[in-house]
Number of protein chains: 2
Amino acid sequence: MGEENYLPHVSIDCVIFGLTDNSLNALLLKVTGTESWVLPGGYVEKDESIEDAALHVLKSRTGLTDIYLKQFMTTGNSERSFPDDVRRICESLGIEWTEGHWANKRFISICYYALIDVNKFKPTGGELEQEYQWVDIHNLPQMLMDHDNILRKGYEALKENLGNHPIGINLLPDKFTMPELQKMYEIILDKTLERSHFQKKMLRFDIFRRLEERREGVPHKRPFLYRFDENKYQNELKKGARFDV
Amino acid sequence: MGEENYLPHVSIDCVIFGLTDNSLNALLLKVTGTESWVLPGGYVEKDESIEDAALHVLKSRTGLTDIYLKQFMTTGNSERSFPDDVRRICESLGIEWTEGHWANKRFISICYYALIDVNKFKPTGGELEQEYQWVDIHNLPQMLMDHDNILRKGYEALKENLGNHPIGINLLPDKFTMPELQKMYEIILDKTLERSHFQKKMLRFDIFRRLEERREGVPHKRPFLYRFDENKYQNELKKGARFDV
DNA sequence: GCAAAAGTGTTTGATATACACCCATGC
DNA sequence: GCATGGGTGTATATCAAACACTTTTGC
């Protein structure tokens, strides 16, 4: 079945990042009947682009659509085949496994990371109804294949990109406060930032619009809400501005 | 032949960058008997990693070894097959071509860029003895397949990386002067930099060592020679330093 | 001597860093 | 009232940008 529909030797793996109050998490799927976890992954259909493949993998494995996605690496050692792990996965899904199974072969994996607002996008177990869980990227459980390595490389890529582009807003709601924006940077870059300086710097980028509203329902003084302004951002990009933090 | 030895549907393409006095050039191979050019490319053997594949492609197509190489993109639209161009290439190499040729299929290309000092590493036409040429990246000739697009994306990736890491030294000789370093940045980033500021900034990075020698055989005052210091660089990296220009 | 490139210094404005101050809110 | 978080202001150090001065070389 897989052999006819998919490009052989090529897989897609997705690291989905989401923020909770104090940690950066990745969405993992549990291999039913084991204590092992995997990244949402899949294969490339013969008549779809690899970007479309990443989108369909995300949708079918987690139910997520319309989210920020970035390719960060393609990995492919010659030893990159995991028949034992494939067998475990097949068993957990009730799929027949043989030594000659097509998914046992050596695979090249094209890796993407996704950034989502965990309060807006609610993942599901996907079409396979798998158990899923947000796990702190600094405290990973046992993972099959080389998925722990892919996850770590994805985190490195995220940190590098975040240092140059305001992509982190994809982890926040449409309306966010400066303290929330700062917290996001602090969690991902894993260092504390100075409050006053952070706010001035962000506002100097001139890519956010301050709303008349403030965040309600929180203790203490209510912080202003801001919104990312795509037009302003494109203008600044044209001017050659940089957004390094 | 290809079908047995190589992973199907997967290719490697390399953008090799080199500097001349006033422009950034890419190394292109001419398709014999045509006026079309291609990037050095090839396929992944079934028992080699994709990094090793990139290295062997470089060596077999250009004779180059032991040079800086970076993966920057994997591209793969479902329409990414080029039977007409494959036929031209086969004809120019005296290889039999049929409609069913394995290289006609849809291919995913894993793309790398290489940075070389054009005075140290001398490319050849490779095992196929093809005509090769350094061409200004801002003035590309007719290229087969989507190689012009790959080249442009490689240049974009180079610019982005150069803004964060001192990788440009791979385009220069081991010993280089500050004016040479500046010129390299100016050519790649396509903007002029202020001389005094540039020198202070580079020296503040504290990753270069000034030698007792000066560049000889040039008119006017002789500039000092510098050398990249890997230890210093690793120290600064550990301290969390950034090298953005 | 003159022109040109390189090394270095100076001036001014912008940004980074650290911290202070006041305001709004819940308790 | 008090603690806490948020908005804003201030002082100092550092860096950026522009430019000047001096040295060294070829002609």
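Here is the naming used below: chain letters follow the sequence lines, and residue numbers restart at 1 for every chain.
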Residue pairs meeting salt bridge (Lys or Arg N to Asp or Glu O under 4.0 Å), one or both in residues 179-193 of chain A, sequence neighbours left out, come to A:Glu180-A:Arg215
For A:Lys201, the salt bridge (charged side-chain N to carboxylate O under 4.0 Å, His left out) test, sequence neighbours excluded, returns none
In the 5' to 3' direction, the nucleotides of DNA chain C bounding the stretch that comes under 4.0 Å of a heavy atom in chain A are C:dT15 to C:dG26
Exercise. Hey, does the side chain of A:His147 reach the backbone of A:Leu39 with a donor-acceptor pair shorter than 3.5 angstrom?
Worked result: yes
In this structure, OH of A:Tyr112 is separated from CG of A:Asp13 (nearest 0.5 Å) by 11.5 Å
Residues passing the salt bridge (charged side-chain N to carboxylate O under 4.0 Å, His left out) test with B:Asp52, sequence neighbours excluded, are none
Would you mind writing out the side-chain donor-acceptor pairs for residues 235-245 of chain A within the sub-3.5 Å range, not counting sequence neighbours?
unit_1   : atom_1 : unit_2   : atom_2 : d
A:Glu236 : OE2    : A:Lys239 : NZ     : 3.1
A:Arg242 : NH1    : B:Val245 : O      : 3.1

For A:Asp146, the salt bridge (charged side-chain N to carboxylate O under 4.0 Å, His left out) test, sequence neighbours excluded, returns A:Arg80
At a 4.0 Å cut-off to heavy atoms of chain A, the contacted part of DNA chain D spans D:dT4 to D:dT10
Cut-off 3.5 Å, no hydrogens considered: what does the side-chain donor-acceptor table look like for residues 154-167 of chain A, sequence neighbours left out?
unit_1   : atom_1 : unit_2   : atom_2 : d
A:Tyr155 : OH     : A:Ile188 : O      : 2.8
A:Glu160 : OE1    : B:His165 : NE2    : 3.4
A:Glu160 : OE2    : B:His165 : NE2    : 2.8
A:Asn161 : OD1    : A:Tyr113 : OH     : 2.6
A:His165 : NE2    : B:Glu160 : OE2    : 2.8

Residues passing the salt bridge (charged side-chain N to carboxylate O under 4.0 Å, His left out) test with B:Glu230, sequence neighbours excluded, are none
What residues 200-216 of chain B contributes to the DNA chain C interface at heavy-atom separation below 4.0 Å is B:Lys200, B:Arg210
So, with a heavy-atom separation below 4.0 Å from DNA chain D, the residues of residues 175-191 of chain A are A:Pro179
Compile the donor-acceptor pairs under 3.5 Å between side chains in residues 131-139 of chain B and protein atoms, sequence neighbours left out, one pair per line.
unit_1   : atom_1 : unit_2   : atom_2 : d
B:Tyr132 : OH     : B:Pro123 : O      : 3.1
B:Asp136 : OD1    : B:His138 : N      : 2.8

